[in-house]
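Worksheet: one structure, shown below.
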Amino acid sequence: GNPPYIDYNSCSKQKILFTQFIQSKKILMNNIYGVNLHTVPGRRKVYAPKPNLYAFFIALGLGLLKDCGKMAYIIPQTILISGDLDVIRYHIAKYTTIEKLIIFERYMFIGRGLKQKKSVATSSLIFIISKKTPNKEHKILVENYLNLKTDTKLEYFFDKNTAIKKEILQSQLYKNIDNWKFITKDEKFIKIIQKYKKKSITFNEYRKKLKNYDDLILDGSVNINKKDLSNKYKSDAFNIPIIEKPYYKVKKFMFFSNKNKIKKAQGSRGLNLIIERDYKIIWRYQNPSGFYYVENKNTFPKFMEYCIASYNKNEIIFIFSLLNSQLNNWLFKSLLSIENEKSYLLGLRSLKEIFRIPKINLSNNHIKSEIIEKTNDILNLENKTLSDFIDFENIMLQKFDKIEILENNLLLYKKQKIYKLEIKNNFELLKLKFQELKNTAFSLEELKNLEMIDFDKIKVLKNHIDNMVFALYFKIKIQTSEIKSMKIVKKLCEKNKYYKYIFVN
């Protein structure tokens, strides 16, 4: 029937009314003015969809258009990447003819505020569409206005010399409704994506190749109240990871005791699947700073964090290395971040749609094994403490007035006595660390557990891992005898025409 009357003078009032109408089933999400805002074929959501108000306005505009009528609409560029706006991408790609897409890489709403000096921190895109079915050969004109100064006058945006123009088949948008960010990229980027996909398989396809499909699971967080988290360790409590840089490994936890207060997030398969598995990868949904390794049962991520868990340590280490690689980090940011938008979001659906795993066979399995070995080396380096370099076994005193390094020895001062301990190895690292700590009082326990991490060595290992990951995705041949040599591996990777494009950008 006819849609209910809504007072469009107030956006907030509209939102409230839409919510009321949806709850009372006067409006169904699968038919908003003829547009399905609930789901699209082949992409069923396991959670309640959350299309934003722009989606409702687009649906309204399409509902008011006559056949062959045209509509121009300005919208944030989140329409290109948002998982919940796939419904709009699907509808306009399948049922309308998109004539033009105009994209602005910098601020468009400028000269705002009382002093007319502020800019609105949002990205902008204009689309022009006709209400008619597109033909198979229809091409869309894409105009991409590059980085401009925020104080540039609006007219300058439309200067014919300031935009990069190209044409793309509308059928390409229909085939790639999961993400349209590629339309803002150059031809080399698109070819890299094609190569990346050709040499790899999806996360679910990789899982099917394992002996047990559920050896590797990907799941969401749970809803727990921050007030119920404690800093005090309890043997029967759940461990909630604290993510912090510059580590790759989770080193600190909060604790949560009351299982009855846990609320399963929409789309989650269940808490037990996570906590019963020993090895996990954790990352933040909003503005992820990286992926973090956890080796701990009874552990699950807090709200707005996600997890990959497994019984198999080697598999979780391998996936962890791929996700943290410069290649995949570059890919996530390229396809999911938008200039001027504050949030870069990496949810479960986005990860499963973008992230792929290189095909492993007899010819490259040695590369996978080396990646796992070197990643374990990094994680082991993050566990190092002073007791790994100095033998404290014969020291009985519990507190010292100050500490010092002399030649290849650690000197512990207590009143008039000096205890001399030999440094076993990595003298330079300890010397650097103790520049900050000399003349400071310490307890014996603090000294033993003093963190001694060689971040320079970790950086070297990480670069080697990144090169090996690149080699897997782009099928670069590295012999078993060459895999240990960082120089040889890098040299072979640099011969690939896409290497510098990714590692420089």
Side-chain angles (χ1 to χ4, degrees), residues 77-78 80-83 103 105 123 144 146-147 176 178-203 206 245-246 248 281 283-293 306 308 318-359 367 371 374-375 378 458-476 486 489-490 492-505:
Q77 289 178 37
T78 46
L80 302 176
I81 62 172
S82 171
I103 301 159
E105 287 196 5
S123 60
N144 191 9
L146 303 178
N147 290 347
N176 295 280
D178 55 306
N179 190 292
W180 283 0
K181 187 70 189 295
F182 71 91
I183 68 171
T184 68
K185 305 296 182 181
D186 58 26
E187 288 300 316
K188 185 169 273 191
F189 179 90
I190 293 170
K191 286 179 180 178
I192 288 173
I193 295 295
Q194 291 170 346
K195 288 276 186 183
Y196 177 87
K197 290 182 176 179
K198 187 177 180 181
K199 309 294 184 184
S200 59
I201 56 179
T202 66
F203 187 83
Y206 186 79
K245 295 181 75 174
Y248 290 104
I281 302 166
W283 77 96
R284 290 192 187 100
Y285 170 58
Q286 188 170 17
N287 299 323
S289 57
F291 297 83
Y292 298 84
Y293 176 74
Y306 293 121
I308 299 174
F318 180 55
I319 301 298
F320 171 75
S321 307
L322 298 178
L323 287 169
N324 262 325
S325 69
Q326 189 165 337
L327 169 60
N328 279 307
N329 185 260
W330 170 81
L331 199 58
F332 289 138
K333 287 185 177 178
S334 297
L335 293 175
L336 294 174
S337 63
I338 292 176
E339 194 166 352
N340 304 327
E341 295 286 344
K342 293 180 180 179
S343 294
Y344 151 45
L345 307 176
L346 181 58
L348 298 179
R349 178 182 284 272
S350 295
L351 185 134
K352 285 194 286 187
E353 288 175 342
I354 295 174
F355 174 62
R356 296 171 67 91
I357 297 168
K359 297 173 183 176
I367 303 177
I371 287 171
K374 290 296 179 282
T375 304
I378 286 178
I458 286 174
K459 186 177 179 180
V460 171
L461 287 171
K462 177 64 167 56
N463 289 338
H464 184 43
I465 292 166
D466 286 347
N467 288 330
M468 291 189 288
V469 168
F470 181 87
L472 280 182
Y473 279 106
F474 290 91
K475 213 172 181 179
I476 295 168
M486 296 182 185
V489 170
K490 185 177 182 180
L492 291 169
C493 288
E494 285 178 332
K495 290 180 181 179
N496 185 282
K497 61 183 176 180
Y498 300 125
Y499 182 84
K500 288 184 179 179
Y501 184 92
I502 294 167
F503 282 73
V504 173
N505 290 340

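All residue numbers in this chain count up from 1 along the given sequence.
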Set of residues satisfying salt bridge (Lys or Arg N to Asp or Glu O under 4.0 Å) with respect to K374, sequence neighbours excluded = E370
Out of curiosity, L472 CG to I367 CD1, how far, rounded to the nearest 0.5 Å?
-> 5.0 Å
Reported OG-to-CD1 distance for the pair S321 and I378, which is rounded to 0.5 angstrom = 7.5 Å
Find out whether L492 and N467 are in side-chain contact, i.e. whether some heavy atom of one side chain is under 4.5 Å from a heavy atom of the other.
-> no
Where do I319 and Y206 land on the side-chain contact (heavy atoms from CB on, under 4.5 Å) test, with the steps shown first?
-> CA-CA 10 Å; I319 301 298; Y206 186 79; 4.1 Å; yes
Does atom NZ of K475 have more than 12 heavy-atom neighbours from other groups under 6.0 Å away?
-> no
Excluding sequence neighbours, so at least two apart, what forms ring-ring contact (aromatic ring centres under 6.0 Å, His included) with Y285?
-> Y306
Taking the side chain as every heavy atom from C-beta outward, state whether I81 and L335 have any pair of such atoms under 4.5 Å apart.
-> no
F470 vs K490 side-chain heavy atoms within contact, under 4.5 Å | no
Contact summary for P358 and F318, nearest pair of heavy atoms = CG-CZ, 4.4 Å
For R356, salt bridge (Lys or Arg N to Asp or Glu O under 4.0 Å) partners two or more places apart | none
Enter the distance from F355:CZ to S325:OG here, rounded to the nearest 0.5 Å.
-> 7.5 Å
Pairs where residues 184-193 contributes a residue and the test salt bridge (Lys or Arg N to Asp or Glu O under 4.0 Å) is met, not counting sequence neighbours | none
Name all residues meeting the ring-ring contact (aromatic ring centres under 6.0 Å, His included) criterion together with W180; count only those two or more places apart in sequence or in a different chain, and write none if there are none.
-> none
Would you give the length of the straight line joining atom CD of Q77 to atom OG of S82, rounded to the nearest 0.5 angstrom?
-> 13.0 Å
Using side-chain contact (heavy atoms from CB on, under 4.5 Å) as the criterion, list what pairs up with T184, not counting sequence neighbours.
-> L80, I103, N144, K181
Using modelled atom types only, decide if a donor and an acceptor are shared between the side chain of N328 and the backbone of L322 within a distance under 3.5 Å.
-> yes
Between CD on residue Q326 and CG on residue N463, distance to nearest 0.5 Å = 7.5 Å
For the residue pair I476 and V489, establish whether any side-chain heavy-atom pair is separated by less than 4.5 Å.
-> no
Side chain to side chain donor-acceptor pair (under 3.5 Å) partners of T202, counting only residues at least two apart | E205
Report the distance from atom CG of L345 to atom CG of N287, rounding to the nearest 0.5 Å.
-> 7.0 Å
side-chain contact (heavy atoms from CB on, under 4.5 Å) involving D178 - partner list, sequence neighbours excluded | R43, N176, E353
Mind checking what makes ring-ring contact (aromatic ring centres under 6.0 Å, His included) contact with Y248, not counting sequence neighbours?
-> none
So do N324 and I281 actually touch side chain to side chain, heavy atoms under 4.5 Å?
-> no
Return the set of residues passing side-chain contact (heavy atoms from CB on, under 4.5 Å) with K195 (not counting sequence neighbours), or none when no residue passes.
-> F474, Y498
Residue pairs passing the salt bridge (Lys or Arg N to Asp or Glu O under 4.0 Å) test with at least one member in residues 458-469, sequence neighbours excluded, are K462-D466
Positive for ring-ring contact (aromatic ring centres under 6.0 Å, His included) with F189, one of F182, Y501, W330 = W330
Looking at L336 and L346, what are the two nearest heavy atoms and their distance?
-> CD1-CD1, 3.5 Å
May I ask you to decide if the ring planes of F291 and W283 are parallel, tilted or perpendicular, using 30° and 60° as cut-offs?
-> tilted
Residues that Y473 engages under ring-ring contact (aromatic ring centres under 6.0 Å, His included), provided they are two or more places apart = Y196
